[in-house]
Amino acid sequence: MKDRRIIVALLLPSLVGIMLFLIFPVVQLVLPVIFGVKSNETYFSFLKATYNQQIIFRTIGIAFVTTLGLLVLAFPFAFWIAHQRMKVRKLLSLVILFPMLTNAVVRNFAWILILGRNGLVNTLLMDLHIVHQPVRILYTNTAIVIGLIYLFFPVMVTMLIDPIVSLDQSIDEAAAMSGAGPLTRFFKITLPQLTTSLLTGSILVFAGAMTAYTTPQLLGGNSSLVLSTLLYQQSMTLGDWRAASIVALTLILIALASLSITKVITKRISGGNEV
């Protein structure tokens with residue numbers, strides 16, 4: 001009993017901090033939308049507006065493409081790192097995490113120089129005579145996806161390295177001795193063991209891409225608004241806190257829906273593996 005009181009006393013400051021700085025602001029933001037005057041009409045009118053629908057679908061599309069791109073790019077890289085020697089693996093892991101120590105604004109300004117009209121990409125394309133005039137990359141959805149992939153690449157790789165290292169190699173060796181080819185072993189043995197880690201990394205990246213602000217603001221600008229930049233515009237620029245609350249609630253609902261879908265998929269896959 002005494003130990004339990006000590007544990008509660010130690011946890012109490014953290015719980016109070018979470019309530020004050022995490023839960024209370026969200027509740028304060030959402031309540032005006034739920035219990036406000038004509039709140040349902042306001043919310044549904046927001047969803048019915050074509051302009052807002054475009055922003056919602058753009059946000060979901062960018063987050064989905066970013067997640068898919070990271071799965072394609074990060075998985076082979078993590079697989080390669082996981083098969084290096086311990087010292088090399090630790091060094092490469094530090095190199096991957098190093099960009100995260102740089103301020104996000106600085107990193108995005110670097111991408112502005114790279115993707116701009118006279119940037120490195122357009123200069124290279126014109127020097128190779130692939131295009132005859134600069135291509136508009138900056139302030140498009142493509143620029144946002146590139147920036148988000150660069151932003152979350154270390155997260156996805158780091159999440160996959162340890163599960164790949166922990167793979168049961170004996171199963172793969174037994175399958176190889178039975179005559180299974182590399183592709184068969186990868187899709188039938190290796191990939192099912194990593195499905196949970198891939199889904200966990202995907203939901204973290206998807207949620208992060210949905211709510212990211214700095215990258216869409218600097219690389220997308222006003223021509224490619226997403227929900228996070230629309231939230232800032234409604235609250236800080238226009239001072240319309242009810243509209244900002246609606247945008248925030250939409251973001252929360254989409255994040256919760258994607259998390260629920262991922263949990264269902266993970267449970268089904270885990271159940272299938274156990275049978």
Side-chain angles (χ1 to χ4, degrees), residues 46-77 96 98-157 202 204-238 240 243-244 246-248 250-251 254-255 258:
F46 170 83
L47 293 178
K48 288 179 182 178
T50 305
Y51 178 73
N52 295 327
Q53 289 178 2
Q54 290 176 351
I55 294 176
I56 292 171
F57 287 124
R58 182 186 298 126
T59 305
I60 296 174
I62 288 174
F64 179 78
V65 172
T66 300
T67 304
L68 187 62
L70 276 170
L71 286 174
V72 174
L73 295 174
F75 184 79
F77 200 76
I96 291 172
F98 182 76
M100 297 185 69
L101 302 177
T102 309
N103 187 275
V105 176
V106 175
R107 284 179 286 171
N108 284 307
F109 270 113
W111 278 111
I112 290 175
L113 296 176
I114 294 172
L115 302 176
R117 183 177 179 83
N118 299 316
L120 179 63
V121 174
N122 272 315
T123 302
L124 183 61
L125 291 175
M126 294 181 69
D127 289 343
L128 294 174
H129 302 288
I130 297 175
V131 297
H132 301 290
Q133 58 183 1
V135 180
R136 185 173 180 264
I137 304 174
L138 192 61
Y139 305 128
T140 63
N141 296 343
T142 303
I144 298 175
V145 170
I146 292 173
L148 290 175
I149 288 177
Y150 175 76
L151 177 65
F152 292 108
F153 185 82
V155 176
M156 183 67 84
V157 172
S202 297
L204 286 176
V205 170
F206 184 85
M210 281 279 300
T211 56
Y213 169 75
T214 306
T215 299
Q217 178 63 36
L218 293 178
L219 300 184
N222 293 326
S223 58
S224 294
L225 282 178
V226 294
L227 285 174
S228 58
T229 51
L230 178 64
L231 173 61
Y232 180 86
Q233 183 186 82
Q234 294 293 333
S235 59
M236 305 305 294
T237 305
L238 302 178
D240 190 347
I246 293 173
V247 177
T250 304
L251 269 172
I254 294 174
S258 59

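For clarity, every value in this text was computed on a predicted model and none was experimentally measured.
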Report the residue from Thr215, Thr67, Val205, Leu204 that forms a side chain to side chain contact (heavy atoms under 4.5 Å, CB included) with Phe152.
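Option passing the side chain to side chain contact (heavy atoms under 4.5 Å, CB included) with Phe152: Val205.
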Q | Option from Ile144, Thr211, Ile62 for which side chain to side chain contact (heavy atoms under 4.5 Å, CB included) with Pro216 holds | A |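 That would be Ile144; it is the only one of Ile144, Thr211, Ile62 passing the side chain to side chain contact (heavy atoms under 4.5 Å, CB included) with Pro216.
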Might you confirm whether atom CG of Asn222 has over 12 heavy atoms from other residues, nucleotides or ligands at distances under 6.0 Å?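 Result for CG/Asn222: open.
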Which heavy-atom pair separates [X] from [Y] by the least distance, and what is that distance?
X: Leu148; Y: Ala209; answer: CD1-CB, 4.0 Å
X: Val157; Y: Ala74; answer: CG2-CB, 3.7 Å
X: Asn118; Y: Thr123; answer: O-OG1, 3.7 Å
X: Phe153; Y: Leu70; answer: CA-CD2, 3.5 Å
X: Leu227; Y: Thr59; answer: N-OG1, 3.0 Å
X: Ala243; Y: Gln234; answer: CB-OE1, 3.5 Å

Kindly determine whether Met156 and Ser202 satisfy side chain to side chain contact (heavy atoms under 4.5 Å, CB included), including the steps that lead there.
-> CA-CA 8 Å; Met156 183 67 84; Ser202 297; 4.3 Å; yes
Show every donor-acceptor pair shorter than 3.5 Å between a side-chain atom in residues 125-141 and any protein atom, with sequence neighbours excluded, or say none if there are none.
{"residue": "Arg136", "atom": "NH2", "partner": "Tyr139", "partner atom": "O", "Å": "3.1"}
{"residue": "Thr140", "atom": "OG1", "partner": "Ile137", "partner atom": "O", "Å": "2.4"}
{"residue": "Thr140", "atom": "OG1", "partner": "Thr142", "partner atom": "N", "Å": "3.4"}
{"residue": "Thr140", "atom": "OG1", "partner": "Ala143", "partner atom": "N", "Å": "3.4"}
{"residue": "Asn141", "atom": "OD1", "partner": "Ser224", "partner atom": "OG", "Å": "3.3"}

**Asked** Which residues satisfy the side-chain hydrogen bond (donor to acceptor under 3.5 Å, both in side chains) test with Ser235, sequence neighbours excluded?
**Response**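 Checked Ser235 against side-chain hydrogen bond (donor to acceptor under 3.5 Å, both in side chains); zero matches.
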_Suppose we screen for side-chain hydrogen bond (donor to acceptor under 3.5 Å, both in side chains). Which residues come up paired with Asn122, at least two apart in sequence or across chains?_
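Asn122 satisfies side-chain hydrogen bond (donor to acceptor under 3.5 Å, both in side chains) with no other residue.
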ask   = Counting N and O atoms only, with roles assigned by atom type, does the side chain of Thr229 sit under 3.5 Å from a partner on the main chain of Leu225, one being a donor and the other an acceptor?
value =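 No.
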**Q.** Expected output: side-chain Arg107 to main-chain Leu151 donor-acceptor under 3.5 Å
**A.**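 Absent.
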Assess the residue pair Leu219 and Ile146 against the criterion (side chain to side chain contact (heavy atoms under 4.5 Å, CB included)); give the C-alpha distance rounded to whole Å, side-chain angles, the decisive distance to 0.1 Å, and a yes or no. CA-CA 9 Å; Leu219 300 184; Ile146 292 173; 6.0 Å; no
Can you list the residues that meet the ring-ring contact (aromatic ring centres under 6.0 Å, His included) rule with Tyr213, with sequence neighbours excluded?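 Counting only residues at least two positions away or on another chain, Tyr213 forms a ring-ring contact (aromatic ring centres under 6.0 Å, His included) with Tyr232.
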ask   = Who are the ring-ring contact (aromatic ring centres under 6.0 Å, His included) partners of Phe64, not counting sequence neighbours?
value =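 Applying ring-ring contact (aromatic ring centres under 6.0 Å, His included) to Phe64 gives none.
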ask   = Got Val155 and Met100 here, is their nearest side-chain heavy-atom distance under 4.5 Å?
value =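 Yes - at least one pair of side-chain heavy atoms lies under 4.5 Å apart.
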Reported CZ-to-CG distance for the pair Arg58 and Leu230, which is rounded to 0.5 angstrom: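 It comes to 10.0 Å.
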Can I get a per-line list of side-chain donor-acceptor pairs under 3.5 Å for residues 47-56, giving both atom names and the distance, sequence neighbours left out?
{"residue": "Asn52", "atom": "ND2", "partner": "Phe46", "partner atom": "O", "Å": "3.0"}
{"residue": "Gln53", "atom": "NE2", "partner": "Leu47", "partner atom": "O", "Å": "2.8"}
{"residue": "Gln53", "atom": "NE2", "partner": "Lys48", "partner atom": "O", "Å": "3.4"}

